[in-house]
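Report on the structure given below.
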Amino acid sequence: SAERFRWLTPQGEWRTGFDVPKNAVQWERQPFYLRAVTKKGTLLEGEVTCISVNTRYHSRRVKFVASGEIREVYDILIIEIDGTRFFVH
């Protein structure tokens, strides 16, 4: 999954995972490396943070860490996330 979080437990320990527990004191989104293609065929790659997911259209809004640019990325056009390659047919 692309939605990775980091949270502070009530015991004062930082944990990283995909689902933030309800008793988390504080949480933040973790950046990840993304390589994807736009509908026009342009290659997008870099460190991004997932802002939101639209399950109806199978897309997600991501924010590039370096530039602050926000883009819509369609799941079927994702090539790689953190070194894991995706082949969708």
Side-chain angles (χ1 to χ4, degrees):
S1 174
E3 296 177 282
R4 192 173 2 204
F5 298 94
R6 181 175 175 235
W7 64 86
L8 183 64
T9 65
Q11 295 78 23
E13 299 175 334
W14 283 99
R15 300 283 172 101
T16 302
F18 300 105
D19 294 317
V20 179
K22 295 191 184 303
N23 66 346
V25 177
Q26 177 183 349
W27 63 271
E28 59 190 31
R29 296 179 188 272
Q30 289 292 104
F32 57 93
Y33 179 80
L34 173 76
R35 188 182 320 184
V37 180
T38 65
K39 285 185 173 182
K40 294 182 179 182
T42 306
L43 181 66
L44 297 174
E45 61 182 317
E47 289 284 321
V48 298
T49 303
C50 186
I51 297 173
S52 66
V53 176
N54 186 336
T55 55
R56 183 175 184 187
Y57 294 107
H58 304 283
S59 66
R60 56 194 75 237
R61 290 181 61 120
V62 295
K63 180 178 180 180
F64 284 86
V65 175
S67 66
E69 179 184 10
I70 297 175
R71 299 289 303 249
E72 188 87 12
V73 178
Y74 292 91
D75 293 347
I76 197 166
L77 300 175
I78 293 177
I79 299 170
E80 176 184 339
I81 294 178
D82 274 344
T84 303
R85 295 189 60 113
F86 294 91
F87 297 102
V88 181
H89 300 283

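None of these values were measured; they are calculated from a predicted model. Position 1 is the first residue of the sequence, and the numbers go up from there.
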Item to check | Closest contact, heavy atoms only, Y74 versus S59 | outcome: CD2-CB, 3.6 Å

Checklist entry - Which value, rounded to the nearest 0.5 Å, describes the distance between R6 atom CZ and W27 atom CH2? => result 13.5 Å

Next on the checklist: According to a hydrophobic-cluster definition based on side-chain heavy atoms being under 4.5 Å apart (Ile, Leu, Val, Met, Phe, Trp, Tyr only), do Y57 and V73 belong together?
Outcome noted: no

Checklist entry - Considering only heavy atoms from C-beta outward, does the side chain of I51 approach that of T49 to under 4.5 Å? => result no

Checklist entry - Is any side-chain heavy atom of L44 less than 4.5 Å from a side-chain heavy atom of L34? => result no

Checklist entry - Under 4.5 Å between any side-chain heavy atoms of R29 and F5, yes or no? => result yes

Checklist entry - Could you give the distance from CD1 (I78) to CZ (R60), rounded to the nearest 0.5 Å? => result 5.0 Å

Checklist entry - Looking only at heavy atoms, which two atoms of F64 and E45 are closest? And how far apart? => result CE2-O, 3.8 Å

Checklist entry - Does a side-chain heavy-atom distance below 4.5 Å link I70 with R61? => result yes

Item to check | For F32 against D82, the heavy-atom pair lying closest together | outcome: CB-OD2, 3.4 Å

Checklist entry - Does L43 reach the side chain of I79, with side-chain heavy atoms less than 4.5 Å apart? => result yes

Checklist entry - Should we say atom CG of D19 is surrounded by more than 12 heavy atoms from elsewhere, each under 6.0 Å from it? => result no

Next on the checklist: Taking the side chain as everything from C-beta on, heavy atoms only, tell me whether R71 gets closer than 4.5 Å to V48.
Outcome noted: no

Next on the checklist: Run the side chain to side chain contact (heavy atoms under 4.5 Å, CB included) test on R15 and T9 for me, step by step, so that the C-alpha distance in whole Å, both residues' side-chain angles and the decisive distance to 0.1 Å come before the verdict.
Outcome noted: CA-CA 7 Å; R15 300 283 172 101; T9 65; 3.7 Å; yes

Checklist entry - Taking atom CG of L77 and atom CZ of R35, what is their separation to the nearest 0.5 Å? => result 14.5 Å

Item to check | Joint cluster assignment, V62 & V53, ILVMFWY side-chain distance < 4.5 Å | outcome: no

Checklist outcome for this item: One should read off an interatomic distance between S52 OG and E72 CD, to the nearest 0.5 angstrom, of 7.0 Å

